[in-house]
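Atoms within each ligand, like the ligands themselves, are counted from 1 in listed order.
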Amino acid sequence: MKHTVTAICPGSFDPVTYGHLDIVTRASKMFERLIVVVASNSSKKSSFTPEERVEMIKKCTADLPNVEVVHYEGLLADYAAEIGATAIVKGLRAMSDFEYEFQMALTNKKLNPNVETLFLTTAAENMYLSSSMVKQIAKMGGDIESFVPDFIRQDIIDRIKK
Ligand code: PNS
């Protein structure tokens, strides 16, 4: 039986941005199967339901045949074990991300020793980009064209400006 190398790319994606999509696209070239996991971050209040976030990511990744998008409510380490994923891929923007990401990587390793966390350095143009920044700009009527794809731009504006 052929062994498929599966990786997961988790996040809250509230909403997905070009920064996330750059990481997903690059990771999709490194693994046979990449599953984008919309998960809950207990320290963040979300603006979009998990189902809405999944739909937005699906629209933006339709051209990547080995990418799937799911919502998982639970521990990421358990999900990785359930589907036999061997890697968690995350983007790292700046030193400010490091401590938090390092803590999560070590915790996930403790919970599931079979999964490795790999960090991809973010593209230079996305260093400053975050979902919360996109929401803030949309709320104040700013242009979010350079931060999110056209497919989802109006959905974000409609939700945030409400
Ligand atoms: O995009 P974010 O908010 O930085 O992503 C964080 C996320 C959602 C990946 C993280 O909070 C997570 O893994 N949540 C699922 C629950 C879990 O496994 N928590 C323990 C992580 S050490």
- Query: Should the heavy atoms of other residues, nucleotides or ligands under 6.0 Å from OH of Tyr128 be counted, would the total exceed 12?
  - Reply: yes

- Item | Met104, CE atom: more than 12 neighbouring heavy atoms under 6.0 Å | yes

What protein heavy atom is closest to [atom], reported as residue, atom name and distance in Å?
atom                    : value
atom 10 (C) of ligand 1 : Met104 SD, 3.8 Å
atom 4 (O) of ligand 1  : Tyr100 OH, 3.4 Å
atom 17 (C) of ligand 1 : Leu75 CD2, 3.7 Å
atom 16 (C) of ligand 1 : Gly74 O, 3.4 Å
atom 12 (C) of ligand 1 : Ser40 O, 4.0 Å
atom 2 (P) of ligand 1  : Ser12 OG, 3.4 Å
atom 18 (O) of ligand 1 : Leu76 N, 2.9 Å

- Item | Which of the ligand 1 atoms, numbered from 1, are nearer than 4.0 Å to a heavy atom of Thr107 | 22 (S)

- Task: Using a strict cut-off of 4.0 Å, indicate which atoms of ligand 1 neighbour a heavy atom of Asn41.
- Result: 2 (P), 3 (O), 6 (C), 11 (O)

- Pick one of side chain, backbone, both or neither for how Lys44 approaches ligand 1, counting any non-hydrogen atom pair under 4.0 Å. side chain

- Query: What part of Lys90 sits under 4.0 Å from ligand 1 if we count only heavy atoms: the side chain, the backbone, both or neither?
  - Reply: side chain

- Apply the test side-chain hydrogen bond (donor to acceptor under 3.5 Å, both in side chains) to residues Ser47 and Lys135: give CA-CA distance (whole Å), side-chain angles for both, the deciding distance (0.1 Å), then the verdict. CA-CA 9 Å; Ser47 305; Lys135 287 190 278 189; 3.2 Å; yes

- Take Thr86 and Glu116 through the side-chain hydrogen bond (donor to acceptor under 3.5 Å, both in side chains) test and state the conclusion after the steps. CA-CA 6 Å; Thr86 48; Glu116 297 292 342; over 6 Å; no

- Contact between Gln103 and ligand 1, counting heavy atoms under 4.0 Å? no

- Query: Centres of the Phe147 and Tyr18 rings: under 6.0 Å?
  - Reply: no

- Query: Under 4.0 Å between a Lys/Arg side-chain N and an Asp/Glu carboxylate O for Glu68 and Lys58?
  - Reply: no

As an exercise, state the distance from [atom1] of [X] to [atom2] of [Y], rounded to the nearest 0.5 Å.
X      : Y      : atom1 : atom2 : value
Phe119 : Asp97  : CZ    : CG    : 9.0 Å
Thr122 : Leu129 : OG1   : CG    : 7.5 Å
Ser46  : Asp14  : OG    : CG    : 5.0 Å

- Option whose closest heavy atom lies nearest to atom 7 (C) of ligand 1, chosen from Ser132, Gly11, Ser130, Gly91: Gly11

